[in-house]
Each structure stands twice: as structure tokens, then as C-alpha cells.
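Notes follow the structure.
Per chain, numbering begins at 1; letters A, B, ... match sequence-line order. Note: hydrogens, waters and symmetry copies are ignored here, and every other heavy atom, side chains too, is used.
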Amino acid sequence: MDEHTFIENFSNQEWPSKTYLCYKVERLDGNATIPLDGYQGFVRNKGFDQLEEPRHAEFYFLEQIRSWNLDKNQRYRLTCFISWSPCYTCAQNLTTFLKENRHISLHIFASRVYTRDCFGCHQSGLCALQAAGARITIMTFEDFERCWETFVDHQGKPFQPWEGLEVKSQEFCEELQAILTTQQN
DNA sequence: ATTTTCAAT
């Protein structure tokens, strides 16, 4: 991913009308985690402008995972950095996937909390996803930096945080915490 | 004080 795309989409000061999702996979072997570098990459949503059926980024992510046919006798950890947190429908699809694939765990790092959901309640979607075992957190400075190091064609440049990164991250974190703790009982 | 959201005006 080029530098501009990363900043434009992952900056928590921006409100882009598109979503990028970076993913990586590790195999868990006892206490060891073995990165599967061949399986890492990123996807974005496709909209009406591309003459394809509009689909959210998570659709393509799930499509990728399914294509790998990860060995059910091994354990894997998926990590994804996503610029908007999953909508209700996508959260449900991920929930179903995790329930059907107990050998796979998922940790989602979201830059921003998506709240404009036309098809359902994004809060309950995220709660269900968490209940299915996913970890959902807001990206902090360290997470942006890790994403930058791993997925951006940074040409050796270190991650330069934008103004207000920490404050916004904290705000979204509180918003997400409120969502994930409210509906649990 | 504080919009915006995987678009469509």
C-alpha cells in the first residue's frame, strides 16, 4: 500500500467514504507464533463506481481466508487493521465464520468506529463478534506504526503520526468500550 | 459547539 493511501484512509482525523483492511496470518504452535508471510495483504471495499456489486472490505477478507483452506488441525491467528470498524452485517458474517472455524482466532484493530449502519445495529454486531471470541480494539500509535511498518511501501521512512492521533484514538477507544460493555448482560 | 461514516449529490 502506498503512503498516501495509508494516511488518507487510516488517519483517524479523516472520514473517507471507503474502507481498507490489512490482514496477516500467524500459525500458533504451542508458545510459538509462526508468521505466514505469503498470506498477508490488504483489500478494500468495492463500490458502485467500479461496475461491480458493492461489497464491504470484510467480504473480500473472508473470501481470502476461505481460499487459503487453513488446516483444521492447526491453530491460526488472524490480525487485521481496518480503517472503519465492521458494520452490523459484516460483523455477523465474521461471527458466523469464527463459530464455524474454531481453529482460527481474530484480532481486529480499527482506526475508527463506524456508526452509520443502514441495515442493523452496529453495536450488537460488534458485541456478537466479540462474544464469538474476536478481539476488537481501536488502533493506538503503536498499532498505526505496526501497520505502517508491515503494509506500507514506506521506503525506509519511519511512521510520522498526524496531529491529534492520540486524542482521537482515545475518543474512539472510549466509544468502542461503551459499545462492547453495554450490551453484554 | 463540534457535522462527516464501506456515497451520492
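- To the nearest angstrom, P of B:dC6 lies 11 Å from CZ of A:R44.
- Across all strands shown, A:E58 has heavy atoms under 4.0 Å from base atoms, whether or not it also approaches the sugar-phosphate.
- When the side-chain nitrogen and oxygen atoms of A:R55 are compared with OP1 and OP2 of B:dC6, none of them lie within a distance under 4.0 Å.
- Rounded to whole angstrom, the span from the NE2 atom of A:H122 across to the C1' atom of B:dC6 amounts to 14 Å.
- When the side-chain nitrogen and oxygen atoms of A:T115 are compared with OP1 and OP2 of B:dT5, none of them lie within a distance under 4.0 Å.
- Residue A:C87 is classed as a base contact, given a heavy-atom separation below 4.0 Å to a base.
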Only pairs under 3.5 Å count here: list side-chain donor-acceptor contacts from residues 55-64 of chain A, not counting sequence neighbours, and write none if there are none.
unit_1, atom_1, unit_2, atom_2, d
A:Q64, OE1, A:Y23, OH, 3.3

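- Taking atom P on both nucleotides, B:dT5 is separated from B:dA1 by 23 Å, rounded to a whole Å.
- Atom P of B:dT2 sits at a distance of 22 Å from the matching atom of B:dC6, rounded to the whole Å.
- Between the NZ atom of A:K168 and the P atom of B:dT5 there is a distance of 14 Å, rounded to whole Å.
- What separates NZ of A:K18 from C1' of B:dA8 is a distance of 15 Å, to the nearest Å.
- In terms of heavy atoms, A:S85 sits closest to A:Y114 at OG-N, 2.7 Å.
- The phosphate of B:dA7 (OP1 or OP2) has a side-chain N or O of A:N45 nearer than 4.0 angstrom.
- Among A:F109, A:W148, A:F144, the one residue that satisfies the ring pair (Phe, Tyr, Trp, His ring centres under 6.0 Å) test with A:F81 is A:F109.
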With a 3.5 Å cut-off and sequence neighbours excluded, list the donor-acceptor pairs that the side chains of residues 24-40 of chain A form with protein atoms.
unit_1, atom_1, unit_2, atom_2, d
A:E26, OE1, A:R77, NE, 3.1
A:E26, OE1, A:R77, NH2, 3.3
A:R27, NH1, A:Q74, OE1, 3.0

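- If you measure from atom CZ of A:R116 to atom P of B:dC6, you get 8 Å, rounded to the nearest angstrom.
- Contacts of A:S85 with the nucleic acid, taken as non-hydrogen atoms under 4.0 Å apart, include base atoms.
- Annotation: B:dT4 and B:dT9 have their C1' atoms spaced 15 Å apart (nearest Å).
- Taking atom CZ of residue A:F172 and atom C1' of nucleotide B:dT5, one finds them 9 Å apart after rounding to whole Å.
- We find that CZ of A:F119 is positioned 12 Å from P of B:dC6, with the value rounded to whole Å.
- Taking only side-chain nitrogens and oxygens, A:Y114 comes nearer than 4.0 Å to OP1 or OP2 of B:dC6.
- Rounded to a whole Å, the NZ atom of A:K46 is 13 Å from the P atom of B:dA7.
- Partner of A:W84 under the ring pair (Phe, Tyr, Trp, His ring centres under 6.0 Å) criterion, chosen from A:W15, A:F172, A:Y20: A:W15.
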